[in-house]
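Notes to accompany the following structure.
What you see is a predicted model; the values in this text were computed from it and never measured.
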Amino acid sequence: MSRSPLLVRPTTRTGKIHDVTPASAGWTHVGFALHRLTPGEVFGGASEDRELCLVIVSGKGKFAVDGEEFGELGERMSPFEGAPWALYVPAGRHWAVDATTDLELAICSAPGGGDYAAKVIQPGTHPRITRGKGANIRHVYNIMPEDDASAHALLVVEVITPQGNTSSYPPHKHDEDNLPHESFLEETYYHRMNPPQGFGFQRVYTDDRSLDEAMAIEDGDVVLVPRGYHPVATTAGYDLYYLNVMAGPKRVWKFHNAAEHEWMLKD
């Protein structure tokens, strides 16, 4: 059985783990990269014409943007240990990090624009939200939500789904530029499992099933969502973390639920 073109597996255990670009994904807006650094390792780059959200998935590092020092950022040593630290980098800047522990750094990107400043996003900047009920409960840490007007295009969020639960569910989509009813947003999911040998499932599909991909997801996998519904489920014994990056022509998250499953939202 061939692997889904929407499933991107890690290429290595250290260094550059993922490098999803608009060109490699076959779309326009979202980029996602992931690097694992060792203590003392220095890394960085130029944002060029894209804005970045540097999410510290785990570990700590000393960060700077255009020579401005932001100090040591990071706290948790696992993505399952609470809210994240992050750093927003506008377009046209140069950034650098000096890892002070083992560091797993996600680089979320989208086309830049506007007049924005580099900004540290501390844990607690946005309150944790619990969504769903029963086996559909999940815990949401917004990093760059749409009601935080500090970016041009990026929307970034983390979600923890407890063992055996579903998430991004009931199925919803955001693939039509049809505001105020729905917005068009490309999206990536970066998945982690706890314990790491676990697995879960994600389906990406459209109403007409012209796109219909069902994938077994493992620790470290990335799933691309160019369009369609994209529910996720984890298995008994294994909590699921995912980091979402979204961007499109407008910085608005307006989704459409699959009509046949909306009954689950009723009390």
Side-chain angles (χ1 to χ4, degrees), residues 3-4 6-18 20 32-39 53-61 73-86 99-108 121-124 126-143 156-169 187-204 214-225 230-246:
R3 190 166 76 202
S4 169
L6 302 183
L7 179 63
V8 183
R9 289 259 153 86
T11 56
T12 182
R13 292 182 179 272
T14 59
K16 183 189 292 184
I17 310 298
H18 285 290
V20 175
F32 177 81
L34 188 88
H35 292 256
R36 289 193 182 130
L37 309 178
T38 56
C53 182
L54 309 178
V55 178
I56 302 174
V57 179
S58 64
K60 302 177 185 180
L73 307 181
E75 181 177 355
R76 64 188 186 185
M77 300 309 291
S78 161
F80 296 92
E81 293 178 353
W85 284 78
T100 54
T101 69
D102 288 332
L103 176 64
E104 185 175 4
L105 183 68
I107 304 170
C108 315
I121 305 167
Q122 299 183 26
H126 305 286
R128 190 183 86 160
I129 301 168
T130 296
R131 292 190 181 131
K133 58 185 179 180
N136 196 37
I137 284 176
R138 63 272 198 203
H139 308 293
V140 179
Y141 294 99
N142 277 309
I143 299 171
V156 183
V157 62
E158 289 185 343
V159 178
I160 301 289
T161 306
Q163 58 157 324
N165 283 14
T166 53
S167 197
S168 295
Y169 194 80
E187 185 169 19
T188 55
Y189 278 68
Y190 170 58
H191 292 286
R192 294 291 303 278
M193 307 296 305
N194 185 33
Q197 70 269 27
F199 63 94
F201 299 95
Q202 185 158 23
R203 185 185 181 194
V204 181
M215 294 155 275
I217 49 173
E218 298 180 333
D219 188 62
D221 287 349
V222 170
V223 171
L224 310 178
V225 183
H230 39 279
V232 183
T234 186
T235 49
Y238 297 97
D239 293 338
L240 172 67
Y241 160 99
Y242 57 80
L243 171 63
N244 288 144
V245 186
M246 293 181 283

- Please state whether the rings of Tyr242 and His191 are parallel, tilted or perpendicular, taking 30° and 60° as the class boundaries. perpendicular
- Task: Measure the shortest side-chain to side-chain distance between His139 and Pro162 over non-hydrogen atoms and say whether it is less than 4.5 angstrom.
- Result: yes
- Query: What distance do Glu187 atom CD and Leu224 atom CG have between them, rounded to the nearest 0.5 Å?
  - Reply: 10.5 Å
- Item | Closest non-hydrogen atom pair, Pro195 against Gly237 | CD-O, 3.5 Å
- Gap between atom CZ of Arg128 and atom CD1 of Ile160 - 0.5 Å precision: 9.0 Å
- Please report the closest heavy-atom contact between Gly124 and Ala83, naming both atoms and the distance. N-CB, 4.4 Å
- What one should report as the nearest heavy-atom pair of Pro10 and Asp219 is CG-O, 4.4 Å
- Kindly give the heavy-atom pair with the smallest separation between Ile217 and Phe201, and that separation in Å. CG1-N, 3.6 Å
- If only atom types and distance count, is the side chain of Thr11 paired as donor or acceptor with the main-chain N or O of Ile17 below 3.5 Å? yes
- Item | CA sep, side-chain torsions, deciding dist, call: Arg36, Thr12, side-chain contact (heavy atoms from CB on, under 4.5 Å) | CA-CA 10 Å; Arg36 289 193 182 130; Thr12 182; over 6 Å; no
- Could you check Leu243, Ile143, Ile56 and say which one makes a side chain to side chain contact (heavy atoms under 4.5 Å, CB included) with Pro84? Ile143
- Task: Determine yes or no for a side-chain-to-main-chain donor-acceptor pair under 3.5 angstrom, with Asp239 supplying the side chain and Asn194 the backbone.
- Result: no
- Is a side-chain donor or acceptor of Gln202 paired with a backbone partner of His230 at a separation under 3.5 angstrom? yes
- Item | Side chain Arg76, main chain Glu81, donor-acceptor under 3.5 Å | no
- Query: Is there a donor-acceptor pair under 3.5 Å between the side chain of Thr101 and the backbone N or O of Gly59?
  - Reply: no
- Query: What are the two closest non-hydrogen atoms of Gly220 and Tyr190, and how far apart are they?
  - Reply: O-CE1, 3.6 Å
- Below 4.5 Å, heavy atoms only, C-beta onward: do Val55 and Cys108 meet side chain to side chain? yes
- Query: Is there a side-chain contact between Glu158 and Pro79 (heavy atoms, below 4.5 Å)?
  - Reply: no
- Can you tell me how far CZ of Phe32 sits from CG of Asn244, rounded to the nearest 0.5 angstrom? 10.0 Å
- Closest non-hydrogen atom pair between Ala99 and Thr38, with its separation: CB-O, 3.4 Å
- Would you give the length of the straight line joining atom NE2 of His18 to atom CZ of Arg9, rounded to the nearest 0.5 angstrom? 9.5 Å
- Got a donor-acceptor contact below 3.5 angstrom from the Ser168 side chain to the Val232 backbone? no
- Item | Partners meeting side chain to side chain donor-acceptor pair (under 3.5 Å) with Thr234 (sequence neighbours left out) | none
- Query: Can you list the residues that meet the salt bridge (charged side-chain N to carboxylate O under 4.0 Å, His left out) rule with Arg138, with sequence neighbours excluded?
  - Reply: none
- Task: State, yes or no, whether a side-chain contact exists between Val57 and Arg192 at a heavy-atom distance under 4.5 Å.
- Result: yes
- Item | Between CZ on residue Phe80 and CG on residue Leu240, distance to nearest 0.5 Å | 6.5 Å
- Item | Spacing of OH belonging to Tyr241 relative to OG1 belonging to Thr161, to within rounding of 0.5 Å | 11.5 Å
- Flag the pair Asp102 / Pro39 as yes when at least one side-chain heavy-atom distance between them is below 4.5 Å, and no otherwise. yes
